[in-house]
Protein chains: 2
Amino acid sequence: MSNRITLKQIAKELNLSVSTVSKSLRNSREISTDTKNLVQAFAKFYNYKPNSIALNLRNRKSKTIGVIIPEITHYFFSNVIAGIDSEANKKGYRVVVSLSNESFDTEVVNIETLANGSVDGFILSVAKETLLNKDYHHFKETINQGMPIVMFDRITNEVACDKVIIDDKEGAKKAVNKLLNTGCKKIALVTTEDYVTVGSLRTKGYIEALEESNIAYDPNLVIKIQDQGLNKDEEITLLGQSIVKLLHQHRDIDAFFAVNELSAITVMKVVLDLGYKVPEDISIIAFTDGVLSKYSIPALTTVSQHAFEMGVASAKLLIDKIEEITNSEFHITQTMDATLIERQTTK
Amino acid sequence: MSNRITLKQIAKELNLSVSTVSKSLRNSREISTDTKNLVQAFAKFYNYKPNSIALNLRNRKSKTIGVIIPEITHYFFSNVIAGIDSEANKKGYRVVVSLSNESFDTEVVNIETLANGSVDGFILSVAKETLLNKDYHHFKETINQGMPIVMFDRITNEVACDKVIIDDKEGAKKAVNKLLNTGCKKIALVTTEDYVTVGSLRTKGYIEALEESNIAYDPNLVIKIQDQGLNKDEEITLLGQSIVKLLHQHRDIDAFFAVNELSAITVMKVVLDLGYKVPEDISIIAFTDGVLSKYSIPALTTVSQHAFEMGVASAKLLIDKIEEITNSEFHITQTMDATLIERQTTK
DNA sequence: TTGTACGCGTTATCAG
DNA sequence: CTGATAACGCGTACAA
């Protein structure tokens, strides 16, 4: 029920044609100064603003970026959004956010409802269920229809599009090497199931770092987080139990490397409860740059994911594609360095 | 550069008129079954989807909700968005998010660029700078132009619109009473400057609870968080120093009530560093339902803000106004109960 | 200097 | 049963 004034209304009031009004407002040289002044004053007075929907239709673009992420109440993702928002606004784009909640169906619906012209392109991180299903037809179709997609963090190589990731394997190696360099001998790993790309890459980094130091990789020191059909609280409880069990079986564990924040915090809680000192008895490093790590007591040493910068980079790539600054046939994968942030859970 | 098929193209291919195609796809009884089948099959094959921008223009609505919040990397706000998103999707609306970063100018720009038809209404939480300036003309103008606004959490009574808040005063009283009931005698307060509505209401609750228990309110026990011109880290460092100083001057403080999460975590860090035991020596309660509280060690007792539910409630109110289910002259303020979540920082 | 006509994609109305 | 026309709001090539 917006009662915003339109060109037509101005034209009528002023006894001019719509095009004269339009030209006047765009300061066309075709129009006499008198008319322009009149129209501009009138428009200003009535607070005229061009209707962006009409412009979108006319220009066949929306100047809007669709962002689809698994969940928003997660520091990493909300920080990526902040980065996207910042870069998008600079370039005159808006950001519409929709959440897949890790569900394949929701992801499909969201991408389809936004792909009808509402959006000029997508930035997204793939839902777990999609990764598990390995069904990427919705992405492929969207791309076939001429809509660019940029994937970040949770990506799949089965879809040809621009991607922004951090160097998960190298980041994991940095973490493990830090632990080794501070004297840790027996490092346990808390990771996800393999279908989560980032999880498996970090696991690889863990294994490689050990091997490069001539330490045999021991699968018994690895906990895989179970999350199928569980809510977050149950997931954490279960994880806690696994950690207790592991520490019971391997009393000489002196470090944990966790691929995400919450599992690291869970490790810390269990370890402190059991009476260990952190980092004197057990060191902990997590892959994350969330708030929990920063403000936990003791503060967690982490491998930073540079979420904000990933958002900025993704937005840049997407906008370049939208505006056809870069060739749409050619896809690049941008890898950001993962950096170690030393805090209090390592020696 | 989307190459999605349009009605016109289908019509041309099938040697029909655009209107026949349109009617066929909408299953009009006017069209012969044969034609309908043909058109529908063709459309399905080419994956026809109506262009939503054209529909928006025609229907003069966007089926989109604009959300403007101060920052997104904040569990409370991202959780509100999750609630809005959930309710909006149920009713067929999309959500566009933009961030004010606590800046007045950014808030004004964002609301103006979205009010040009991109959005059917707004859900927002007022930026600190705006609250400080007390300049609400952008909200008022938007409302005057027939665009409904729903404010949540950080609101102002100077703008006539629907509002969703939690019962800040009562929540604060619950917190303080909990502390009193568990034997605390000298309760310090960490709060914001008064211009932040929620902060001042929580302060009021603190004072009232004390008075109702016949305890004199002592302004010396109050720390006001300084954040003018500081970044978050500086703000926290400064706060930490104030807490140390306060504890030094008043050695018999046995509890802290903080109006937000980060300040409570800061309190806890300082208190633990100084060798106090929590909650044996000092109890802590914060106003929040963020992750820090849940996963801190010890876990923080909090007054929950029910962020997700606030999002849902705001979206319901806004959509009712947009669809003119509720009278647009009549504004309601919905107050949600604040509930105490007892964890480990209280006895 | 101003106005007319057209197109962006859709649907409702009315004519055939 | 099918099609032409108008309208949503805007900008622009072209005509006057």
Side-chain angles (χ1 to χ4, degrees), chain A residues 1-40 42-43 46-64 113 115-120 145-146, chain B residues 1-40 42-43 46-64 113 115-120 145-146:
Chain A
M1 257 243 22
S2 170
N3 42 24
R4 205 168 212 116
I5 196 167
T6 68
L7 283 190
K8 192 198 273 188
Q9 292 168 31
I10 297 181
K12 193 174 170 191
E13 291 295 325
L14 261 34
N15 268 321
L16 289 169
S17 77
V18 172
S19 58
T20 305
V21 174
S22 173
K23 286 171 184 164
S24 301
L25 290 175
R26 320 198 82 238
N27 231 326
S28 162
R29 293 180 298 105
E30 293 178 26
I31 308 293
S32 74
T33 316
D34 283 356
T35 311
K36 282 200 282 199
N37 288 151
L38 174 67
V39 172
Q40 287 173 6
F42 190 91
Y46 283 101
N47 194 22
Y48 169 79
K49 298 273 169 54
N51 178 309
S52 54
I53 296 214
L55 284 177
N56 290 342
L57 181 61
R58 174 168 224 288
N59 301 328
R60 267 172 296 173
K61 58 186 172 133
S62 63
K63 281 277 189 179
T64 302
T113 66
N116 301 320
S118 309
V119 134
D120 294 338
Q145 281 159 6
Chain B
M1 258 249 17
S2 171
N3 41 25
R4 207 170 211 112
I5 197 167
T6 68
L7 284 189
K8 193 196 272 187
Q9 292 167 32
I10 298 180
K12 195 174 169 190
E13 292 295 325
L14 262 32
N15 269 319
L16 289 170
S17 75
V18 171
S19 45
T20 304
V21 174
S22 173
K23 285 172 186 165
S24 300
L25 291 175
R26 323 196 81 239
N27 230 327
S28 162
R29 292 181 298 104
E30 292 179 31
I31 308 293
S32 73
T33 315
D34 284 356
T35 310
K36 281 199 284 198
N37 288 151
L38 174 67
V39 172
Q40 287 173 6
F42 191 91
Y46 284 100
N47 194 21
Y48 169 80
K49 296 273 169 53
N51 178 309
S52 54
I53 296 216
L55 286 177
N56 290 342
L57 180 60
R58 172 162 231 290
N59 301 328
R60 265 170 297 173
K61 61 189 166 114
S62 63
K63 281 277 189 178
T64 303
T113 67
N116 302 319
S118 309
V119 135
D120 294 337
Q145 281 160 5

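Protein chains get the first letters and strands the later ones, always in sequence-line order, with residue 1 at the start of each.
Set against D:dC10, C:dT11, C:dG3, the side chain of A:Tyr48 has D:dC10 as its closest nucleotide.
Projected onto DNA chain C by closest heavy-atom contact, B:Lys49 and B:Lys23 fall at different nucleotides, the more 5' of which corresponds to B:Lys49. Comparing B:Ala54 and B:Asn15 by the nucleotide of DNA chain D that holds the closest heavy atom to each, the one mapping nearer the 5' end is B:Asn15.
Counting any heavy atom pair closer than 4.0 Å across all strands shown, B:Thr20 reaches a base atom. As judged by a 4.0 angstrom heavy-atom cut-off over every strand, B:Ser32 is placed among residues touching the sugar-phosphate backbone only. Nucleic acid contact class of A:Val18 (heavy atoms, under 4.0 Å, all strands): none. Using a 4.0 Å heavy-atom distance criterion, B:Ile53 is classed as making no nucleic acid contact. Across all strands, A:Leu7 comes closer than 4.0 Å only to sugar-phosphate atoms, never to a base (heavy-atom distances). At the heavy-atom level, A:Ser22 lies under 4.0 Å from base atoms of the strands shown. Residue A:Thr6 is classed as a sugar-phosphate contact, given heavy-atom separations below 4.0 Å to backbone atoms only. Using a 4.0 Å heavy-atom distance criterion, B:Leu55 is classed as a sugar-phosphate-only contact.
Considering B:Ser22, B:Ser24, B:Ser17 in turn, B:Ser17 is the only one that fulfils the side-chain hydrogen bond (donor to acceptor under 3.5 Å, both in side chains) rule with B:Thr20.
Between B:Thr6 and B:Gln9, the closest side-chain pair of non-hydrogen atoms falls below 4.5 Å. Looking at B:Thr64 and B:Asn56, their side chains never come closer than 4.5 Å, going by heavy atoms from C-beta outward. The side-chain heavy atoms of B:Ile5 and B:Glu13, taken from C-beta on, include no pair separated by under 4.5 Å.
Taking only distance into account, the side chain of B:Ser19 meets the base of D:dA4 through a donor-acceptor pair shorter than 3.5 Å. Side-chain atoms of A:Arg58 and base atoms of D:dC10 include a donor and an acceptor less than 3.5 Å apart.
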